[in-house]
Asker: 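Before I ask anything, let me first share the structure, which is written out below as structure tokens.
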Number of protein chains: 2
Amino acid sequence: MISEQEGNGSPLLSDKIRLALADEITSGALVPGTQLDEQQLGARFGASRTPVREALRQLAASGLVEMRPRRGAVVAEITVARVFEMFELTAEIEALCVRLAAWRMTPQERSTLRQLHEQSRRAVEESDIDEYDRLNWLFHDAIYEGTHNAFIVEQAKALRERMAAFRRAQLREATRPAHSRHEHGEIVEAVLRGDGEEAAKLMRAHMFHAASAFDRSTCVLENDHN
Amino acid sequence: MISEQEGNGSPLLSDKIRLALADEITSGALVPGTQLDEQQLGARFGASRTPVREALRQLAASGLVEMRPRRGAVVAEITVARVFEMFELTAEIEALCVRLAAWRMTPQERSTLRQLHEQSRRAVEESDIDEYDRLNWLFHDAIYEGTHNAFIVEQAKALRERMAAFRRAQLREATRPAHSRHEHGEIVEAVLRGDGEEAAKLMRAHMFHAASAFDRSTCVLENDHN
DNA sequence: TATCTGAATCTTGCATACACAGCGGCTCAA
DNA sequence: TTGAGCCGCTGTGTATGCAAGATTCAGATA
């Protein structure tokens, strides 16, 4: 949604600031509720208030900060309850995608999906978490694309992007990648059979397990603010 | 997503400009591809470039305009195909909401939903399209809230807001409100039974019929631009 | 002592000014 | 005549200044 610049070489200050702030917020360096003072941020980034303002507006659109007119911006309060609500929608969207994909994917797309799944075997065996993470994203991407609906693809990716911060820790659990891959395997089978409803059900379960892993993992959000 | 201010009395210029531009774009007064010159718009609204820029950024976030760095903003090209893709996701989201709502609504919420449905009878009988439209929105709102998931409520409302432009014409068809209400009735029954899957199926059909009505109605988008 | 009031201060919202990136037209040469 | 390179213009990106709303804190009053 937010103009994720392709590799074009225009180093817009507002973009740099936006990315830096987004990183600090999602990594937890900036705790929820923190007041984001424009000129203070401008000083930190060696810029004037103008690009800072642009950055804050865009972050507000993506939900990372909250803006109250004439009262400035604060890092959005994200409670554990809210993260689970976000997880629920993510799971449902993923389920919806795989249901459509199971019905609509071309033979070639199905083949690609299976290949992606095969490739992940090595990453699991070698406990290469980063590689598994990469393949995991590609796997879900392939399913999004399988819907043959560009708008759904966009929205799904935007939602996943927004969730990225909270899913980071989730694969650190030693046994999670193996479980995850097993679940992927069942999903692939359902997709190859063209059984959309079953694939959706499996995907929902898959996402639920991922959320549980998140729940058990060290959690950035230790207390409810609301 | 975009800060829909509650009735607070601070009339930010950028908000006024954003709303005005959004209206002109969705109504078709500004055709896709139109260059949006900042100082020209500023002159039109009696404002400087600053609030215009803010408005354009926010419109870009909601997908109505497209921004290319250092090349300004243009009204986003929206093809008929894309509108149907958006309709599909909307239908699926509505279906998802009603499925969850059928399982989670409190007795009181179910009662409210039925009452809303009853109220709409008069609007249909009197062919009061505006009133039916209003009750229609409240009906869908009640279903969103029935998910008991604030994040889903937000996202669903944001999506509906984005679709509003294309759904405007859809109820003008003389027979559509009656059909719409009949479909609502079936959905209400399924919800009251707690049959989420059936409610979802009915909702998908309901949205599909709405999309068809849109298709038949005079369409802002008469040709494919891509 | 607690609460209300109002003025000082801070921060945002907006206007204006300036610098540089695209682009369009022009000239000039092949 | 056509293509390449140069130059000026338009318009965006950024900086800064000003005014008004919001916050805060001191002082007065109950």
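Labels below follow one simple rule: chain letters A, B, ... track the order of the sequence lines, proteins then strands, and each chain is numbered from 1. Model, not experiment: these values are computed from the prediction.
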Asker: Would you indicate what A:I17 reaches in the nucleic acid, counting non-hydrogen atoms under 4.0 angstrom: base, sugar-phosphate, or nothing?
Answerer: nothing
Asker: Under 3.5 Å, is there a donor-acceptor pair between the B:Y144 and B:E94 side chains?
Answerer: yes
Asker: Rounded to the nearest Å, what distance is computed from the CD atom of residue A:Q39 to the P atom of nucleotide C:dT12?
Answerer: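 Nearest whole value for this atom pair: 7 Å.
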Asker: Judged by each residue's nearest nucleotide on DNA chain C, which is more toward the 5′ side, A:E38 or B:S48?
Answerer: A:E38
Asker: Would you mind reading off the distance between B:R71 atom CZ and D:dT12 atom P, rounded to a whole angstrom?
Answerer: 12 Å
Asker: Does A:R57 come within less than 4.0 Å of A:E54, counting only side-chain N to carboxylate O?
Answerer: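 Looking at A:R57 and A:E54, the cut-off is not met.
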Asker: Which whole-number value in Å describes the distance from A:Q40 CD to C:dT12 C1'?
Answerer: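 It is 14 Å, rounded to the nearest whole Å.
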Asker: A:R57 CZ to C:dT12 C1': how many Å, rounded?
Answerer: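 Distance check: A:R57 CZ to C:dT12 C1' gives 9 Å.
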Asker: If you find the nucleotide of DNA chain D closest to A:T50 and the one closest to B:G72, which residue's nucleotide is nearer the 5' end?
Answerer: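 Final value for this comparison: B:G72.
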Asker: What orientation do B:H140 and B:H184 show, parallel under 30°, tilted 30 to 60°, or perpendicular over 60°?
Answerer: perpendicular
Asker: Does the side chain of A:S14 get closer than 4.0 angstrom to OP1 or OP2 of D:dT14 through an N or O atom?
Answerer: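 Checking A:S14 against D:dT14: at least one side-chain N or O falls below 4.0 Å of OP1 or OP2.
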Asker: Whole angstrom is fine here: how far is it from NZ in B:K16 over to C1' in C:dG13?
Answerer: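 Rounding to the nearest Å, NZ of B:K16 and C1' of C:dG13 are 13 Å apart.
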Asker: Output all residues satisfying salt bridge (Lys or Arg N to Asp or Glu O under 4.0 Å) with B:E145, sequence neighbours left out; order by chain, then residue number.
Answerer: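 Partners of B:E145 by the salt bridge (Lys or Arg N to Asp or Glu O under 4.0 Å) criterion, ordered by chain and then number, come out as B:K157.
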Asker: Nearest whole Å is fine: how far is C:dA15 P from B:L41 CG?
Answerer: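 From B:L41 CG to C:dA15 P: 14 Å.
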Asker: Please report the distance, rounded to the nearest Å, between CZ in B:R49 and P in D:dG13.
Answerer: 8 Å
Asker: Starting at atom CG of B:L12, determine the distance to atom P of D:dA20, rounded to an integer number of angstrom.
Answerer: 16 Å
